[in-house]
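These notes concern the structure reproduced below.
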Amino acid sequence: MSANESNQPQFAIDTDKLNLWYGTFQALFDVDLQVKRGIITSMIGPSGCGKSTFLRTVNRINERLGYVRTTGEVKVMGENILGPSVELVQVRKQIGMVFQRPNPLPISVRENVLFGYRLHADAGRIPRQEQEDIVESALRQVLLWDKVKDRLDAKATTLSLEEQQKLCIARLLPVKPSVLLMDEPCSALDPKGTEAVEELIWELRGSYTILIVTHNMAQARRASEECIFMLMGKVVEHGDTGDMFVTPKNKETADYIEGRYG
Amino acid sequence: MTKEKVPARQDFDQLNRDWFIDKAVQVLVFLGGISAIVFIIGIFVFISREGLGFIFEDFSFTEFFGSPNWRPTSESNPTYGILALVAGTASVTGLAMLVAIPFSLGAAIYIAEFASGKKREFLKVTVELLAAIPSVVWGFIGLAIMNPIIIQTFNVPVGLNVLNAGVILGLMAAPIMTSIAEDALKAVPDRYREAAEAMGATRWQVIYKVVLPAAKNGLLGAVLLGVGRGFGETMAVLMATGHSINIPTSVFDSVRALTATIAAELGETAVGSPHYEALFTIGIFLFVITFIINLSADLIVRGVRKG
C-alpha cells in the first residue's frame with residue numbers, strides 16, 4: 001500500500017454530476033462529492049434523501065435491482081467505476097460494504113472470513129497455514145479474535161448481532177479493500193453493540209477510507225471527521241464534522257441538525 | 001355519564017345468531033381440518049384389514065421380500081415374491097431421478113434466480129400446467145412415441161423398458177420437484193445474495209457458494225418428494241415398463257412395478273383369496289414406504305424453515 005502512496009489520488013471517491021433514477025423516480029441529482037482518502041466521512045440526512053442510494057452506487061450493488069439508471073461519473077481511487085470496461089468483480093474487491101442488518105453468510109465464522117478471499121484468490125487451494133493467518137489477522141483487526149477464536153467452526157448466524165456485524169467487517173479485510181462503505185452499520189445493534197462497533201470503525205480509520213451512512217446525528221458527530229448532509233437527492237453541505245455541527249453554513253443543515261425535521 | 005353506556009352484565013351471556021354461526025363455522029372448519037387425518041387412518045385400516053390375512057396365514061418374510069418369483073396364479077405352487085417388482089420400481093424411480101434432478105434443479109435455479117417479471121410468472125404457470133398432465137397421457141406418450149424411438153435409436157427389440165418408464169417418470173416428477181426446489185431457493189434470504197455480490201461474487205458464484213448450500217435441505221426435500229412420486233406412480237409406469245417380471249440388468253430390460261401389479265391384477269382376483277390379500281400386502285408395503293419418504297421430505301423441508 002505504502003509503496004505507491006505518492007501517485008494515489010487525493011480523493012478516494014470523486015463523483016461528477018452523478019444522477020440516478022429508479023425507474024422514472026430520480027433519486028440523485030447532480031451529485032458532486034469528493035471523499036478524502038484515509039478518513040471517516042459520514043453521510044446524514046432524512047430518510048429517502050439518497051444517502052443510501054449514493055452509497056450503493058459506489059460499489060454498484062444498486063444494479064441488482066435491474067431498473068436503475070445512472071449518468072455521470074463515479075471515480076474510486078481515480079478510476080471511473082461506471083465505465084464500460086470496468087470489471088465489477090474488481091470494483092467490489094476494492095470497495096467493501098457493510099449493511100444495515102448484519103448479514104453473515106450461513107456458513108462457519110472461518111468460512112465467512114475466507115469467503116471474499118477465496119473469490120478473489122487465483123484458482124487452487126489456499127494453504128492451511130495461510131488460511132489460519134488470514135482468519136486470525138482479520139478477526140484481530142475487528143477486535144473479535146479473543147471472543148470467537150474457540151468458535152471458528154460455529155455457524156456465523158449463531159453469534160450475537162454485534163459480533164455478526166464485526167464479522168461482516170472482518171470478512172472484507174482479507175482482500176485489502178481501499179474503501180469501506182457502511183450503511184447504518186449500528187442501527188440493528190443495542191447501545192453497547194453500537195459503541196463497540198463505532199470504536200472499531202474509529203480504529204480502522206487511516207488504513208481505509210470509510211464512508212458511513214447514519215441516521216444517528218450523535219454518531220456522525222463523534223465518529224466521523226468529515227460530514228455530508230444530503231436532502232432530496234442533493235448534497236447540501238459537506239465539510240469538517242466539527243465545523244458543520246457547530247456552525248452549519250446552510251439553513252437546511254442547521255434545521256436538520258437541530259432536529260426540526262428528519 | 002359514561003358508566004351508563006356500559007351494557008348490563010346479562011348482555012354478555014346472550015347466545016345470539018352470530019354466536020351460533022361462529023360455533024357452527026368453528027366445528028365445520030375443525031372437521032375439515034382433521035378430515036385428512038381421519039382419511040389417512042381409514043385408508044390404512046382398510047388396506048391393513050385386507051392385507052393382514054395374508055400376512056398371518058400364507059406370508060413368509062423371506063419369500064415375500066427375497067424371491068423374485070411372483071406367480072400368484074400358479075395352480076400347483078403359487079409363490080408371492082416381490083423382489084423383482086421392488087427391483088422394477090426402484091430401477092425406474094432411480095433412472096427417473098437421474099432425469100428429473102438436473103431438469104428440475106436447472107429450472108428451479110433459472111426461475112428463482114434469473115428470470116424476472118413476466119417471464120418468471122409465465123414459467124411458473126407452465127411448470128404447474130406440466131404437473132397437471134394426467135399420468136395416463138404420459139403413459140400414452142411412453143407407449144406410442146417413446147417406444148418406437150427407443151427401438152429405432154438403440155436397436156433393441158422392445159422399447160417398453162426401464163429407460164422408457166424412467167424418462168417418462170422423470171419428466172412427470174420434474175414439475176413438482178421444480179416447484180418445491182424453487183420455493184426452497186426463494187426462501188434463502190436476499191441479504192445473503194447481496195452480501196456475496198457485494199464481496200464480488202459473480203451470479204454463478206452466489207448460486208453455487210451461497211444459495212444452493214443454504215437451500216440444501218429444501219432441495220433434498222424436493223428430491224425425496226420426487227422419489228415418493230416415483231414409487232407411487234402407477235398408470236404411466238404400467239404402460240411404459242413393458243410389465244414383465246424381471247430383475248433388470250440393463251436399462252433396456254422390461255420390468256414391472258409394485259403399483260402396476262396391483263392395478264393390473266386386483267380386478268381379476270377373488271375377494272379374500274391369498275392372491276387378493278397378497279396384493280393388499282404390497283399395498284401396505286407401498287403405503288409405508290411412501291409415508292416414510294414423504295414424512296422425511298416434509299420434516300427436512302420444515303427443518304429449513306425453522307433454521
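Order of the sequence lines fixes the chain letters, A, B, ..., with proteins taken first and strands second; residue numbering starts at 1 for each chain. Heavy-atom basis, side chains included; hydrogens, waters and symmetry copies ignored.
Put simply, CZ on B:Arg191 and CD on A:Gln100 are 12.0 Å apart, with the number rounded to the nearest 0.5 Å.
Heavy-atom neighbours of A:Arg101 CZ from other residues, nucleotides or ligands within 6.0 Å: at or below the threshold of 12. Within a 6.0 Å radius of CZ in B:Phe287, other residues, nucleotides and ligands contribute more than 12 heavy atoms. The neighbour count for B:Phe114 CZ, taken as heavy atoms of other residues, nucleotides or ligands under 6.0 Å away, is above 12. Annotation: B:Phe65, atom CZ; neighbour count of heavy atoms from other residues, nucleotides and ligands within 6.0 Å is above 12. Under a cut-off of 6.0 angstrom, the local environment of CD in A:Glu132 is crowded, with over 12 non-hydrogen atoms contributed by other residues, nucleotides or ligands. Summarising the local packing, NZ of B:Lys186 is surrounded by more than 12 heavy atoms from other residues, nucleotides or ligands at distances under 6.0 Å. Counting heavy atoms of neighbouring residues, nucleotides and ligands inside a 6.0 Å radius, atom CZ of B:Phe122 does not exceed 12 of them. Other residues, nucleotides and ligands place more than 12 heavy atoms under 6.0 Å from the CZ atom of A:Phe11.
Of the atoms belonging to A:Ile61, it is side-chain heavy atoms, and not backbone ones, that fall under 4.5 Å from chain B. Only the side chain of A:Arg56 comes within contact range of chain B, with at least one heavy atom under 4.5 Å from a heavy atom of that chain. For chain B, no part of A:Pro174 is nearby; none of its heavy atoms comes within less than 4.5 Å.
A:Arg118 and B:Lys209 make their closest contact through CB-NZ, 4.3 Å (heavy atoms, listed as atom of the first residue, atom of the second, distance). Among all heavy-atom pairs drawn from B:Ala198 and A:Met97, the shortest one is CB-CB, 4.3 Å.
Interface check for chain A: of the options B:Pro213, B:Ala196, B:Pro189, B:Ala195, the most heavy-atom pairs under 4.5 Å are formed by B:Ala195.
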>> Test side-chain contact (heavy atoms from CB on, under 4.5 Å) on B:Met199 and A:Arg171; report intermediate values, then the result.
In response: CA-CA 9 Å; B:Met199 277 188 277; A:Arg171 69 180 173 191; 3.6 Å; yes
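Close approach to chain A, defined as a heavy atom under 4.5 Å from one of its heavy atoms, is seen in B:Gly200, B:Ala201, B:Thr202, B:Gln205 of residues 200-207 of chain B, taken by number. Within residues 103-116 of chain A, the residues that have a heavy atom under 4.5 Å from a heavy atom of chain B are A:Asn103, A:Pro104, A:Leu105, A:Pro106, A:Phe115, A:Gly116, listed by number.
By the 4.5 Å heavy-atom criterion applied to side chains, A:Phe99 and B:Glu194 are counted as neighbours.
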